[in-house]
Amino acid sequence: GENVEQHPSTLSVQEGDSAVIKCTYSDSASNYFPWYKQELGKRPQLIIDIRSNVGEKKDQRIAVTLNKTAKHFSLHITETQPEDSAVYFCAASGGSQGNLIFGKGTKLSVKP
Amino acid sequence: DAGITQSPRHKVTETGTPVTLRCHQTENHRYMYWYRQDPGHGLRLIHYSYGVKDTDKGEVSDGYSVSRSKTEDFLLTLESATSSQTSVYFCAISESKGRAEQYFGPGTRLTVT
């Protein structure tokens, strides 16, 4: 079945710096790759997603890139702010059932 | 937030007792999911439903059962709770499977003593 690896598990940056989180997946049939942000004690919420027919997608300070050949995708956050501090999860739809398989998460801390 | 509620929001129960968690949606979405979230494991799918009375297993289904008798309600039951089932449980909904956004409920924190 699908397996999603996410790195790093923790990331600390200074306010204003960029942050990059990377994920790899195993199922070449996976075709949908969302990213979720979860603040402490809150529910996960979608921040951006990309489908397999697109290589890059941007939304203000957030961008996601997809490399289907290498089977990896990345989240890029520019000009980080303290409110970006949260746990970020990547996911890929795949496997025989096509359900989302989540990475284990990256705890991002943005220091003022 | 999408119209998803979970009840109870917190529960403490003893080993061996049955527990039922409820997820209720007002969005009329076809797909509903139950996940558990544990430190170091991310979100893992327990069971999901693709319609009334239509359910299937996820990756960590042992010890759990589900039922969906109405579009808006999806129940998760732990027949005999164990300490390993201490976790935060999230319900999610989506209009379609795989390629559509999943909206999560607020979560239920379950402690099995």
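Owing to the predicted nature of the structure, the values given are computational and were not obtained by experimental measurement. Side chains are part of it too, since the values below use all heavy atoms of this structure and drop only hydrogens, waters and symmetry mates. In what follows, chains are A, B, ... by sequence order, proteins preceding strands, each numbered from 1.
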Within a radius of less than 6.0 Å around [atom1] of [X], do more than 12 heavy atoms belonging to other residues, nucleotides or ligands occur?
X         : atom1 : value
Glu59(B)  : CD    : yes
Gln81(A)  : CD    : yes
Gln60(A)  : CD    : no
Lys104(A) : NZ    : no
Arg109(B) : CZ    : no
Glu79(A)  : CD    : no

Are [X] and [Y] grouped together when hydrophobic residues (ILVMFWY) are joined by side-chain heavy atoms under 4.5 angstrom apart?
X        : Y        : result
Ile47(A) : Val54(A) : yes
Tyr50(B) : Tyr32(A) : yes
Val20(A) : Val87(A) : no
Leu75(B) : Ile4(B)  : no

Flag the one option from Pro44(A), Ala91(A), Ser52(A) with the top tally of heavy-atom pairs under 4.5 Å to chain B.
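Answer, by heavy-atom pair count under 4.5 Å with chain B: Pro44(A).
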Whatever's closer than 4.5 Å to a heavy atom in chain A on Tyr31(B) counts as neither
Tyr36(A) and Glu101(B), any side-chain heavy atoms less than 4.5 Å apart
yes
Student check: side-chain heavy atoms of Gln102(B) and Leu100(A) closer than 4.5 Å:
yes
Can you measure from [atom1] ([X]) to [atom2] ([Y]) and round to the nearest 0.5 angstrom?
X         : Y         : atom1 : atom2 : value
Asn99(A)  : Asp56(B)  : CG    : CG    : 8.0 Å
Gln37(B)  : Phe89(A)  : CD    : CZ    : 4.5 Å
Tyr103(B) : Gln45(A)  : OH    : CD    : 10.5 Å
Tyr35(B)  : Phe102(A) : OH    : CZ    : 4.5 Å
Gln38(A)  : Leu43(B)  : CD    : CG    : 6.5 Å

Interface residue of largest heavy-atom contact number with chain A, from Ala92(B), Ser94(B), Ala100(B), under 4.5 Å:
Ala100(B)
Non-neighbouring partners of Thr82(B) that pass side chain to side chain contact (heavy atoms under 4.5 Å, CB included), sequence neighbours left out
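Result, side chain to side chain contact (heavy atoms under 4.5 Å, CB included) vs Thr82(B): Ser84(B), Gln85(B).
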How close do Arg43(A) and Gly105(B) get, counting heavy atoms only, and between which atoms?
CB-O, 3.2 Å
Which answer fits Pro34(A), side chain, backbone, both or neither, if we ask what part of it has an atom under 4.5 Å from a heavy atom of chain B?
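Neither part.
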So which part of Phe33(A) gets closer than 4.5 Å to some heavy atom of chain B, the side chain, the backbone, both or neither?
neither
Neighbourhood of chain B inside residues 4-13 of chain A, taking heavy atoms under 4.5 Å as contact
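Residues qualifying by a heavy atom under 4.5 Å from chain B are absent, so none.
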